[in-house]
There are 2 protein chains.
Amino acid sequence: MDFKLETFLPYRLNLAAELVSQRFAAQYRARYRMTRPEWRALAALGSYGRMTATEIGANSSMHKTKVSRAVRALEEKRWLKRSEDLDDRRIEHLELTPAGRRIYGEMVVLAHDYERDLAGLLGAGGLRQLEAGLAAIEAKLAVPARRRAPKD
Amino acid sequence: MDFKLETFLPYRLNLAAELVSQRFAAQYRARYRMTRPEWRALAALGSYGRMTATEIGANSSMHKTKVSRAVRALEEKRWLKRSEDLDDRRIEHLELTPAGRRIYGEMVVLAHDYERDLAGLLGAGGLRQLEAGLAAIEAKLAVPARRRAPKD
DNA sequence: CTCAAGTGGTTGCAGATGTAACTGTCCATT
DNA sequence: AATGGACAGTTACATCTGCAACCACTTGAG
């Protein structure tokens, strides 16, 4: 019956994720009144350009309702605009407005700064090990990106 | 302006934490209708014995309202009992009931099984690197456990 | 002894979340 | 054409969460 929460991997991983995310989230929360789903959607659109809501969800691992709400919030901030697809009217294409792209640019700077800070804190070795560990998790546990209907 | 969410450390860490936690959480959710705060409180009490709510919070990194609600839930399940402190009536001591200890024992088995599974999936190397990375984060970013009022 | 400040714990409230159900649209089969 | 299933996206609802305010109690300064 020897068990300690403090050494339990899921717990440690959650705690570490919170520690690392919170400090960055504090910035976009304070500066831009942005939530995490909004930041993720903004980041996806900023780096890939025009996307659909479903694609944003796949790219940033968010549930479609989260994406839907984030998109609406960004739209209300006038950082994103929707446009219809002429071939398939279920789809809507999403794209950052010039204002949205400006915010994205500022956020990218903040993100790089933050990664630099982290690298300094963790040291080259710590960072490398962390990334290797994360890569192992991603390789073994990530939901395989939707397959194109193989045989079955 | 090169930035990809998929390589951003806070994002990767969150995703990894979710991947690793969800599979374990699914077990106690399904088997015992337990939430994560309840599991953490149960684990703290199970491994350390009698504690106060504040101590549980410190040990499992939970906000005091989360602890308060988790404690009430465990009490309603009859897995925990409160008792008063004779010297300081603000404090309540919390302790698992025999039923609570039984559940804790079962959970410890599940937790060990899960860690074994993870170790198998990640491989010895991956696991070791991950733990080293987490240790670096904990060392540099964790909120230092409340100090005993040094000079200042 | 008294009173202000601090502490342990609870609760009201507003915001965030996932599930499931829904709308509107497309497409394959008939 | 008609229809049933699949899909994009939205919404209603129940639950969870953190913050701030709160209550009861303790402590220390005067």
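Only heavy atoms go into these numbers, but all of them, side chains included; no hydrogens, no water, no symmetry mates. Chain identifiers are assigned alphabetically (A, B, ...) following the order of the sequence lines, protein sequences preceding nucleic acid strands; residue numbering begins at 1 within each chain.
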Exercise for the section: Please report the closest heavy-atom contact between L42(A) and G100(A), naming both atoms and the distance. Expected result: CD1-O, 4.0 Å

Practice task
Using atom CG of L80(B) as one end and atom C1' of dG9(C) as the other, report the distance to the nearest whole Å.
Solution key: 14 Å

Enumerate the protein-to-nucleotides 1-6 of chain C contacts in which both atoms are nitrogen or oxygen and the separation is below 3.5 Å.
unit_1: dG6(C); atom_1: N2; unit_2: R90(B); atom_2: NH1; d: 2.8

Completion exercise
In whole angstroms, the gap separating P of dC26(C) from CD of E92(A) amounts to 14 Å

Exercise for the section: Looking at every strand, decide which applies to R82(B) at a 4.0 Å heavy-atom threshold: base, sugar-phosphate, or nothing. Expected result: sugar-phosphate

Problem - Between C1' of dT17(D) and CZ of R72(B), the distance in whole Å - result: 14 Å

Exercise for the section: Round to the nearest Å and state the distance from E18(B) atom CD to dT17(C) atom P. Expected result: 11 Å

Problem - Electrostatic pair K81(B):E75(B) at N-O distance under 4.0 angstrom - result: no

Handout entry: Ring centroid separation F24(A) to W39(A) under 6.0 Å
Key = yes

Exercise for the section: Determine: side-chain N/O of T35(A) to OP1/OP2 of dA16(C), distance under 4.0 Å, yes or no. Expected result: no

Practice task
Taking only heavy atoms on the protein side, list every residue of residues 61-69 of chain B lying under 4.0 Å from any atom of DNA chain C, sorted numerically.
Solution key: K64(B), T65(B), S68(B), R69(B)

Exercise for the section: Return the value, rounded to whole Å, for the distance between atom NE2 of H93(A) and atom P of dA8(D). Expected result: 12 Å

Handout entry: Where at least one partner belongs to residues 16-28 of chain B, residue pairs that pass side chain to side chain donor-acceptor pair (under 3.5 Å), sequence neighbours excluded
Key = N14(A)-S21(B)

Problem - Derivation of the side chain to side chain contact (heavy atoms under 4.5 Å, CB included) call for L130(A) and L9(B) - result: CA-CA 9 Å; L130(A) 181 61; L9(B) 205 61; 3.9 Å; yes

Handout entry: Of I91(B) and D88(A), the one whose closest DNA chain C nucleotide lies more 5'
Key = I91(B)

Practice task
Not counting sequence neighbours, which residues clear side chain to side chain donor-acceptor pair (under 3.5 Å) with K66(A)? List them please.
Solution key: none

Handout entry: Those residues of residues 8-15 of chain A lying under 4.0 Å from DNA chain C by at least one heavy atom
Key = none

Completion exercise
Against the side chain of R89(A), the closest entry in dT25(C), dG9(C), dA8(D) is dT25(C)

Exercise for the section: Using only heavy-atom distances, determine whether the side chains of S60(B) and Y11(A) contain a donor-acceptor pair under 3.5 Å. Expected result: no

Problem - Qualifying residues under side chain to side chain donor-acceptor pair (under 3.5 Å), relative to R72(A), sequence neighbours excluded - result: none

Exercise for the section: Answer yes when K77(B) and E38(B) have at least one side-chain N-carboxylate O distance shorter than 4.0 Å, and no when they do not. Expected result: yes

Problem - dT17(C) phosphate, OP1 or OP2, under 4.0 Å from R36(A) side-chain N/O - result: no

Handout entry: Atom-pair distance (CE on M51(B); P on dG8(C)), nearest Å
Key = 14 Å

Exercise for the section: Please check if the distance between the ring centroids of W79(B) and Y104(B) is under 6.0 Å. Expected result: no

Problem - Derivation and outcome, side chain to side chain contact (heavy atoms under 4.5 Å, CB included), residues L121(A) and L141(B) - result: CA-CA 8 Å; L121(A) 269 143; L141(B) 298 181; 4.1 Å; yes

Problem - d(CD, E55(B); P, dG9(C)) in whole Å - result: 8 Å

Problem - Spacing between D85(A) atom CG and dG24(C) atom P, to the nearest angstrom - result: 19 Å

Handout entry: Sidechain N-carboxylate O distance under 4.0 Å for R12(A), E6(A)
Key = no

Exercise for the section: Name the nucleic acid region contacted by D87(A), choosing base, sugar-phosphate or nothing; use a 4.0 angstrom heavy-atom cut-off, strictly under. Expected result: sugar-phosphate

